[in-house]
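For reference, the structure discussed in these notes is given below.
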Amino acid sequence: MGLFPADARRYLHAVAALPTIDERTQHIEEWIAIIGPRRSDTVTGDEIRAQRDRWMLGPRPGATVPYSASAINPRLRALKNMWTVLWPGEHNPVDDVPEVEEPDPAPRGLPYELVRAILGALPDRGRP
């Protein structure tokens, strides 16, 4: 393991073919800014957890609300995948940090009144 920024760039080169590489690059760049130029093997689960908690509690840049679980978890997964790709079999500090629990998605049904209005607006073709 070397300095975190250099390791991060080596990881991004290794996964450049991912369909989500632009988002992955953004997330790893955020981690580079957070961790800074120090050895990757000094990164701890405690500091990753502290950053996760800051994202959960503090407002996003330019916003008044914190990051959502669906915004935090991909950032954690990007860092975790970096360790998995570059140092398979080594202790991964992200394993020490649970993901943020995501709420169940809200049902996307339509109100019966709207369904009836849509069906009522369809032309009668004389066949069921």
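All figures in this text were calculated on a predicted structure; none of them were measured in a lab.
- Partners of Ala6 under the side chain to side chain contact (heavy atoms under 4.5 Å, CB included) rule, at least two apart in sequence or in another chain, do not exist in this structure.
- Residues that satisfy the side-chain hydrogen bond (donor to acceptor under 3.5 Å, both in side chains) test with Arg52, not counting sequence neighbours, are absent from this structure.
- Applying the salt bridge (charged side-chain N to carboxylate O under 4.0 Å, His left out) test to every pair with at least one member in residues 10-21, sequence neighbours left out, gives these pairs: Asp7-Arg10.
- Glu29 pairs by the salt bridge (charged side-chain N to carboxylate O under 4.0 Å, His left out) definition with Arg9, not counting sequence neighbours.
- The distance from atom CG of Asp22 to atom CZ of Arg24, rounded to the nearest 0.5 Å, is 12.0 Å.
- Defined by atom type and a distance below 3.5 Å, a donor-acceptor pair is present between the side-chain atoms of Gln26 and Glu30.
- Glu99 contributes atom CD, which lies 6.0 Å from atom CG of Leu76 (distance to the nearest 0.5 angstrom).
- Between atom OG1 of residue Thr84 and atom CD of residue Glu90 there is a gap of 11.5 Å, rounded to the nearest 0.5 Å.
- Residues meeting the salt bridge (charged side-chain N to carboxylate O under 4.0 Å, His left out) test with Asp95, sequence neighbours left out: Lys80.
- Residues satisfying the salt bridge (charged side-chain N to carboxylate O under 4.0 Å, His left out) test with Arg49, not counting sequence neighbours, are none.
- Taken from CG in Leu57 to CG in Asp53, the straight-line distance is 6.0 Å, to the nearest 0.5 Å.
- Sorted by first and then second residue, the ring pair (Phe, Tyr, Trp, His ring centres under 6.0 Å) pairs involving residues 65-97 (not counting sequence neighbours) are Trp55-Tyr67, Trp83-Trp87.
- With sequence neighbours excluded, the residues forming a side chain to side chain contact (heavy atoms under 4.5 Å, CB included) with Asp41 are Met1, Arg39, listed by chain and number.
- Among residues two or more places apart in sequence or in another chain, the salt bridge (charged side-chain N to carboxylate O under 4.0 Å, His left out) test is passed with Asp96 by none.
- For Leu114, the side chain to side chain contact (heavy atoms under 4.5 Å, CB included) test picks out Leu110, Pro111, Ile118, with sequence neighbours left out.
- Taking the side-chain hydrogen bond (donor to acceptor under 3.5 Å, both in side chains) definition, one finds that Thr20 meets it with nothing, sequence neighbours left out.
- Here the CE atom belonging to Met82 is positioned 6.0 Å from the CD1 atom belonging to Ile28, to the nearest 0.5 angstrom.
- Ala50 is linked by a side chain to side chain contact (heavy atoms under 4.5 Å, CB included) to Arg54, counting only residues two or more places apart in sequence or in another chain.
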